[in-house]
Structures are given as C-alpha cells and as structure tokens.
Amino acid sequence: MEKNIALLSGDGIGPEVIKQARKVLNAIEKKFGHTFKYLEGLIGASAIDKTGDPLPPETLDICSKSDAIIFGTIGHPKYDEDPKAKVRPEEGLLRLRKIMGLYCNIRPIKVYPSILKKSPLHTNGNIDFVIYRELTSGIYFGKKGRSIDGYVAYDHCVYYVREIERIGRAAFEAGLKRRKKLTLIDKANVLETSRLWRETIKKMSKNYRKIQLDFLFIDNAAMQLIINPERFDVILTENMFGDILSDEASVLGGSIGLLPSASIGEKVSLFEPIHGSYPQAAGKNIANPIASILSVAMMLDHFGLFKEGKEIYKSVKYSIDKKMVTPDMEDSSSIGTEEVGDFITECLLKN
Ligand code: IPM
Ligand code: MG
C-alpha cells in the first residue's frame, strides 16, 4: 500500500515523540512492504515564530493532498500567560479541525495491568472505554466576542441536528463492535443544545436496538469516571465536555502519555497523542512516545491495515510489561524517549 502522510510535529515535545512514531512506521514499511511518503508542515507556536500564522496556507495545502495527518502537539507558555495575545498556537489546530471537517474525535481509554499502581484509583484494571467527542462545533466554534467597553464577553454554543447525527452514527456503530453500551453525556437539565443532543440520539437509537443507551449529566459523569469507570463502554459527548472528560479519563491508567486519538474527517483524518506540548520536557529525551506510537497504530487501522496495527499494539504492550518505559510510568526509570522508540521498533522487526 502507498500512502501520503502530512507530518505536523508542532511544538514542545511534539517533534521528539513524532520522530519515534515515524521510526515505528519505517519498521512497518520494511516488514510489510508498504510505502509511506511524508510531507512536513508547520503548525502552532513554531509556525507563528516562522510565518506569523499558526496554520500557514502551505500546511493546509499539504494536509488536503494527503491520505492522513500525523499531528504532534501545540502550545507555548508565552501565549498561555498572555490573555491579550493576537494569535495563539491553538488556533492552528482549531482551524485545521474546522477546515478539514475532522468532526469525530475518538479517544480510547485503556489500562495496562502492569502499571496499575500508577493509577490514582483503586481499580481492578477493568477499565476499557472509548470517548467519541464532537470536534468541529459547539462552544468552541460559536460566535464569540467582547463588548466595546470590554466588560462583557460571550461564547455561543450552537449545534445542528446533522452534526449530532453524523457523530452519533459513528458512536452507535462503535458500540456494536464493542460491549454494546452507549452513554450520552450532556447537561440536558440546563442547556438547550444538550436537549437537542438527547432528542436526536434517542430517535437514532430506534435503529440500533442492540445498543443499550443511557444518559448522564456531565457533573455526574465526571464523578462516575472516578468512582465507577468500569461502567463505561462508548461515551458520546459534545466538544467541550469531551475535552474535559478525556483529560480526566486519561489519568485513570496512570499516565496521560499513553493515550492516542483519531480525528475522523469527511475526507482526510488526523492522528495525535492526547497529551499536550509539555514544554518543560522538550528536548530532554524524557517524554513518553507511546501515545504517538499508538496514534499511528490507529491510523493503520483506519487504512484497514489491521494486522500491522495489531503488531504495534503488541510491541507497545511488551515494552510496558518489560518496563522499557519513560519516568512518567516508572519512577525509577532512566529510559528515554529515543530508547522506548528503538525498543518498540526492534520488537516489531524481530517478531
Ligand atoms: C485537545 C486540546 C485542544 C482542545 C486545544 C489544544 C485547543 O486540549 O485536543 O483536547 O481544547 O480541543
Ligand atoms: Mg484537551
């Protein structure tokens, strides 16, 4: 198989973790006879530094010509500390999501038994669910602004039925391939958009009789994730609730550095680690590359290369079981980003 891939490493630890993901893809190419052609593009703070624009037109061009996008991380403290900044790195990613129509963000949450002791919870390890987060609408993309005197600000939250239906379909279908449970998380006791979500998903459930559907308010869901995370199978939710819940869920397994994601688009899809740019760690060879490596496994699954994806999942599990992991997963570890990438790559080539 031959595929063109846009490589947007971004800021902070992005370039070093993406480098490891690419090593793994090189091994897959070698082992299975595929060809992946990469085109690199600027995005985020590094793109602002070089061009003034967090999403330069050349980057957009590369993305629209590619079969998939591999994304690192974006963000820089100098923008976080400046509420008046005219441009922000995050805008690059948000515009990319909107323009490329990356509406369906899939964030699988899994726990690896060998690192359960790092989990903040007393869990038996039976945590295995996936979050379907709507990614191109809601409060992130509604009309926003300030009054002239600056004392009033607003962010509108808007949802169309068709936007709810298209991610709803994806979530129901995912449920059919899993334990057949779908939980819609909303704030229907307060928000009109949430009531539209509930109404729409309830209607759709008539065509998915095998799926057991339930509903939770976001505040209760935040609590259930801590006291009873085993209850979840597929979570479906809107953009902002999904942002918050997925960070909360990501620590259940002991490290945010483990979790990959896919953002499925109308034509092209994007694959990225859930974690942020972690600028304090940049260049120190301590960042965990596993989330990026698992993100490319999700990309291979998306291409229909399930055997190849499975080999990556297996090699990652082996590296975790053998404690070939960065210090976020094992306090005493002196193993670095590069070494984890090398170990997983070798593992792939050997088996
Ligand atoms: C995420 C991130 C982004 C978001 C930021 C970087 C804009 O937190 O992908 O979860 O809020 O969606
Ligand atoms: Mg987030």
Side-chain angles (χ1 to χ4, degrees), residues 8-15 17-18 41-48 53-55 59 63 69-83 85-109 129-142 144 155 157 159 163 167 185 218 221-222 225 235-253 255-265 269-282 287-288 291-292 294-295 298-299:
L8 315 183
S9 299
D11 309 323
I13 57 171
V17 291
I18 293 302
L42 290 169
I43 193 155
S46 42
I48 300 177
D53 183 350
L55 180 66
T59 300
C63 291
I69 305 164
I70 295 178
F71 187 88
T73 65
I74 49 162
H76 193 285
K78 75 179 172 202
Y79 299 98
D80 299 341
E81 285 149 24
D82 176 10
K86 290 246 156 44
V87 279
R88 299 188 163 275
E90 289 77 8
E91 256 173 59
L93 179 58
L94 295 177
R95 262 165 52 205
L96 186 66
R97 285 175 180 168
K98 191 72 179 174
I99 297 170
M100 303 296 294
L102 307 173
Y103 66 95
C104 177
N105 186 221
I106 305 173
R107 300 185 163 187
I109 310 292
F129 62 90
V130 59
I131 300 178
Y132 274 65
R133 168 190 175 194
E134 200 291 324
L135 204 59
T136 51
S137 194
I139 197 164
Y140 270 56
F141 293 99
K144 52 186 88 236
D155 295 279
C157 183
Y159 267 108
E163 293 172 328
I167 188 165
I185 295 178
I218 175 73
L225 271 182
I235 288 177
L236 170 62
T237 192
E238 60 99 78
N239 203 345
M240 181 137 96
F241 297 159
D243 178 47
I244 298 166
L245 285 183
S246 58
D247 265 31
E248 184 188 353
S250 74
V251 293
L252 298 178
S255 173
I256 193 173
L258 283 176
L259 296 173
S261 79
S263 303
I264 306 301
S269 299
L270 177 149
F271 301 86
E272 63 167 321
I274 286 186
H275 61 73
S277 58
Y278 195 13
Q280 311 87 311
N288 190 344
S292 295
L294 291 175
S295 297
M298 288 184 87
M299 179 183 81

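Order of appearance sets the numbers: ligands from 1, and atoms from 1 within every ligand. Numbering of residues begins at 1 and proceeds along the displayed sequence. Keep in mind that this is a model prediction, so the values were computed, not measured.
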Requested in this report: Mind checking whether Arg133 contacts ligand 1 via backbone (N, CA, C, O), side chain (CB onward), both or neither, at a 4.0 Å heavy-atom cut-off?
Outcome: side chain

Query raised in the report: Got a sec: is Asp243 within less than 2.8 Å of the Mg ion (ligand 2) via an N/O/S atom?
Result: yes

Query - For Ile69, the option from Ser263, Ser269, Cys63 that meets side-chain contact (heavy atoms from CB on, under 4.5 Å) - result: Cys63

Query raised in the report: Would you say the side-chain atoms of Ser277 pair up with the backbone N or O of Gly12, donor to acceptor, closer than 3.5 Å?
Result: no

Report task. Check Glu91 against ligand 1 and report side chain, backbone, both or neither, counting heavy atoms closer than 4.0 Å. Result -> neither

Query raised in the report: Among Ile70, Ile43, Thr73, whose side-chain contact (heavy atoms from CB on, under 4.5 Å) with Leu8 holds?
Result: Ile43

Query raised in the report: When you measure from atom 4 (C) of ligand 1 to every protein heavy atom, which one gives the shortest distance, and what is it?
Result: Tyr140 OH, 3.4 Å

Report task. Could you tell me whether the side chain of Asn105 and the main chain of Ala262 form a donor-acceptor pair under 3.5 Å? Result -> yes

Query raised in the report: Given Arg97, Glu272, Glu90, which has its nearest heavy atom closest to atom 3 (C) of ligand 1?
Result: Arg97

Query raised in the report: Just checking, any donor-acceptor pair under 3.5 angstrom between side chains of Thr136 and Glu134?
Result: yes

Query raised in the report: Is the backbone of Leu55 close enough, under 3.5 Å, to the side chain of Arg95 for a donor and an acceptor to pair up by distance?
Result: yes

Report summary line: Closest to atom 10 (O) of ligand 1 (heavy atoms only, candidates Leu93, Ile274, Asp243) is Asp243

Query raised in the report: Within less than 4.0 angstrom of ligand 1, does Arg107 place any heavy atom?
Result: yes

